[in-house]
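As structure tokens, the structure follows; a few thoughts come after it.
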Amino acid sequence: MIRVKLGAKELKVKKGTNLSALFENRNIFAALVDGELVDLSAKLEKSCEVMPVDFSSELGKKIYWHSTAHIMAMAVKSLFPEAKLAIGPAIDQGFYYDFDWKFSTEDLPRIEARMKEIIKKDIPFERLIMKKEAVSEFFNRLNEIYKVELTRDIEDDEVSLYKNGEFVDLCRGPHVPSTGVIKAFKLLSIAGAYWRGDVNKPMLARIYGISFPTKKELDVYLKRLEQAKMRDHRKLGQDLELFSIFEPAGPGLIYWQPKGSIIKRLIEEYWIKEHINAGYQVVSTPHIARKELWQISGHYDYYKENMFTLNVEKEEYILKPMNCPGHILLYKSRLRSYKELPLRYAELGTVYRNELSGTLHGLLRVRGITIDDAHIFCRPDQIEDELCNVLDLAQKILGRYGFEKFQVDLSVRDPKNREKYLGSDEDWQRAEQGLISALKRVGLNYQRKEGEAVFYGPKIDIKLLDAIGREWQTTTIQFDFNLPARFQIEYVDKDGKSKLVTVIHRAIYGSIERFMGCLIEHYAGAFPLWLAPIQIEVMPITSKQNRYAEQVYKRCKRHRLRVKLNDRSDKINYRIREAEVNKVPYILVVGAREVQRKTVSVRKRGRGDMGEMKLKEFFSLIDAEKGGED
RNA sequence: GCCGGGAUAGCUCAGCGGUAGAGCAGGGGUUUUGUAAACCUCAGGUCGGGGGUUCGAAUCCCUUUCCCGGCUCCA
């Protein structure tokens, strides 16, 4: 007999008992045995602690989705026996499977139908352990070249496989006990994906899907996806007339409509104010420069595919893809003393990058990028304080928009591949140490990502999520071990000797375009009062109140509010609906009663009628809401 | 850039070999309205561009531009 701890209970069972015997609850489909994730078919060989796994946990979801991916692969193989299997993992939201095959969207319903049959048959998932060579041979015989390659890369001598009837897949597992466990699923899309994420390897077809233990959960999920589309910045950008992209003008280039320009200007003004307070100096640099500048910086050799070039009187000019060289020229315009450091140059600099056409995406990925850039030139002993200041500033600025939770990544070198990177070990260690202690000092949790650093230095990135949960990098703080040496950026130290400065690149919004995109989705177009393009709409109920309405309108204007007078002859209900659809924060309705009592009726967006008040009262109400911003 | 799917009025979409349609938005009128859609009327399109097949193409084929979902890349 062995002892099994199961939650608060302790059971005594026979050695070799099937794990599934412990659970009556049919929703449990896997378990953690002493922390190791296993199938329910696993046998208990020694005393241990068992934790049931169902769909409620992250682990459970992954197993459930992964099993669904296997079922999809089974369906695909039975419909298209020639399709070759690649990989099929669970992801954060669902699963995918890559096949070497050409699918069209019409295939999805057929695959779904076949999956339903497989689920109905309730075929068990059986775990097999085989010698690596035997597995390799097995897949070779089936002409599953990708599986052969995967098997070859496994370090263990023994390999696990999962078998459902005739279908066998290389897999670490675990899985749900049988196909019937999957109750509700949906295949969502087909997309291309390079084998092993490598551009030089074959392009495979990836099918994405999702599954849930109940139809209801699936429906809720699909409905949420549908609703998320309603806050897509591209849709809202058009509906609310914030920005446009024009085909004849070129892809990835943003034309800001008047309303979008108001918001853009406000977030820029706020940014400038905070940066001046934080000791930055605002500078401005041209959009083009001779190619020599980019040869010195190294961009001409290493960033060429991304740069737009111009011919000017037989000379080559480059449309700037980055602001750094410009800021460096400003720094180098005279000798710098250690006493001047840190020197912080900030610029809302628009750069142009020839991003791959297939990657362009609304405001979130464009070719004309306004970076809220700054370069900090400092001494090594100032690094940590400077980093803390940047992180504090980032939190303050992002917090102003209600972004309080975000993902923070610390990207460092790939330890196995040190030759790839510029700079000494000492540089990297000091920089990384500085980044870590700064993160700790300001109390930010972060994920360490090895191999994610750029070649010239380690960095911290902050990522925001869009409406459907995709991550977009905004804030970035990067060390640069490349440019100081290339440009000989120096300062005269206490001892009279010239020394290389440390350069930190940093952006907080990341780019104005991307940040605007994130903001639109974050607020679902309902901008807070201080950002709303139109803050107030004044509406007389009938034309008899037009004069009074105009007085109200003028007083609002004088109070420096962005106000619109809507005295069209449409019914008041119609105009109110229109303003609500346009997400105007406040409506002031004036009818005969308000004229008589010298008041306004206030209606707040999303909340409805707040009743009558004096205009003065209304002003103090919204002044408080604006939070002191003007 | 690569794979798959798209593009019809300002917007959302129907039409899918036989005379280009609807709703909303827009113009003109009527209505004078009390907190999310009053009524009438008018106008609006080389069906993304180019080429082809056909007696005839929005519809079928090729090509090109752009968009969407991914991959890769990145602010």
Side-chain angles (χ1 to χ4, degrees), chain A residues 96 98 101-108 188-208 229 232 234-235 238-239 241 245-252 305-306 321-322 351 353-366 369-373 454 461-464 468 470 472-476 478 505-515 517-518 539-546 567-582 587-594 601-612:
Chain A
Y96 68 77
D98 286 349
W101 188 249
K102 295 249 180 288
F103 293 104
S104 84
T105 34
E106 283 102 68
D107 293 328
L108 290 186
L188 299 168
S189 61
I190 304 176
Y194 298 107
W195 169 235
R196 302 204 139 177
D198 186 337
V199 193
N200 303 309
K201 296 204 161 103
M203 173 66 67
L204 307 173
R206 175 171 297 179
I207 303 179
Y208 285 90
K229 282 187 196 148
D232 188 313
R234 292 164 302 187
K235 179 175 167 48
Q238 183 172 68
D239 291 352
E241 294 192 285
I245 299 169
F246 299 107
E247 183 176 336
E305 307 92 75
N306 286 293
M322 296 189 186
V351 301
R353 298 182 187 168
N354 186 10
E355 302 290 347
L356 293 178
S357 59
T359 64
L360 301 176
H361 185 98
L363 292 176
L364 298 176
R365 192 159 175 86
V366 294
I369 309 163
T370 306
I371 303 181
D372 64 316
D373 219 345
V454 268
D461 293 323
I462 294 181
K463 289 169 179 168
L464 302 179
I468 60 171
R470 289 177 291 210
W472 295 94
Q473 183 186 314
T474 52
T475 303
T476 185
Q478 311 185 346
H505 308 264
R506 40 108 295 166
I508 291 177
Y509 293 142
S511 82
I512 299 295
E513 292 79 10
R514 178 173 290 178
F515 191 75
C518 289
M539 298 178 190
I541 287 176
T542 76
S543 54
K544 291 198 183 84
Q545 292 88 42
N546 278 3
D567 56 3
R568 293 191 352 191
S569 71
D570 298 302
K571 287 186 71 171
I572 190 75
N573 291 10
Y574 181 86
R575 282 175 283 158
I576 284 173
R577 179 188 144 79
E578 202 177 37
E580 288 278 350
V581 167
N582 287 321
I587 298 170
L588 300 182
V589 176
V590 293
R593 207 165 58 218
E594 287 79 7
S601 276
V602 177
R603 183 188 164 103
K604 187 169 175 156
R605 174 182 66 200
R607 218 171 284 179
D609 196 349
M610 294 174 75
E612 243 180 290

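The analysis underlying the following values was restricted to heavy atoms, covering all of them including side chains, and did not include hydrogens, waters or symmetry mates. To find a chain, count down the sequence lines: A is the first, B the second, and so on, and within it residues start at 1.
B:rC61 sits 15 Å from B:rG4 when the P atoms are compared, rounded to a whole Å. Taking atom P in both B:rA20 and B:rG26, the straight-line distance is 28 Å, to the nearest Å.
RNA chain B is contacted by both A:Ala592 and A:Lys102; A:Lys102 maps to the nucleotide lying nearer its 5′ end (nearest heavy atom per residue). Nearest-nucleotide positions on RNA chain B for A:Ser569 and A:Glu513 put A:Ser569 closer to the 5' end.
Nucleic acid contact class of A:Ala191 (heavy atoms, under 4.0 Å, all strands): base. Within the nucleic acid shown, A:Arg206 comes within 4.0 Å of sugar-phosphate atoms alone, with no base atom in reach, counting heavy atoms only. Across all strands, A:Thr105 comes closer than 4.0 Å only to sugar-phosphate atoms, never to a base (heavy-atom distances).
Applying the side chain to side chain contact (heavy atoms under 4.5 Å, CB included) criterion to A:Lys235, with sequence neighbours excluded, gives A:Met230, A:Asp232, A:Asp239.
A heavy atom closer than 4.0 Å to some atom of RNA chain B occurs in A:Gly197, A:Val199, A:Met203, these being the qualifying members of residues 197-205 of chain A.
Base pairing analysis places B:rA9 opposite nothing; no Watson-Crick or G-U wobble pair with both distances below 3.5 Å involves it. When both pairing distances are held under 3.5 Å, B:rC2 makes a Watson-Crick or G-U pair with B:rG70. Pair check for B:rA38 finds B:rU30; Watson-Crick or G-U wobble, both atom distances under 3.5 Å. Taking a pair to require two hydrogen-bonding distances under 3.5 Å in either a Watson-Crick or a G-U wobble arrangement, B:rA20 remains unpaired.
Protein chain A contacts RNA chain B from B:rG1 to B:rA75, reading 5' to 3' and using non-hydrogen atoms of the protein with a distance under 4.0 Å.
Salt bridge annotation for A:Asp570-A:Arg568: present, with a cationic side-chain nitrogen under 4.0 angstrom from a carboxylate oxygen.
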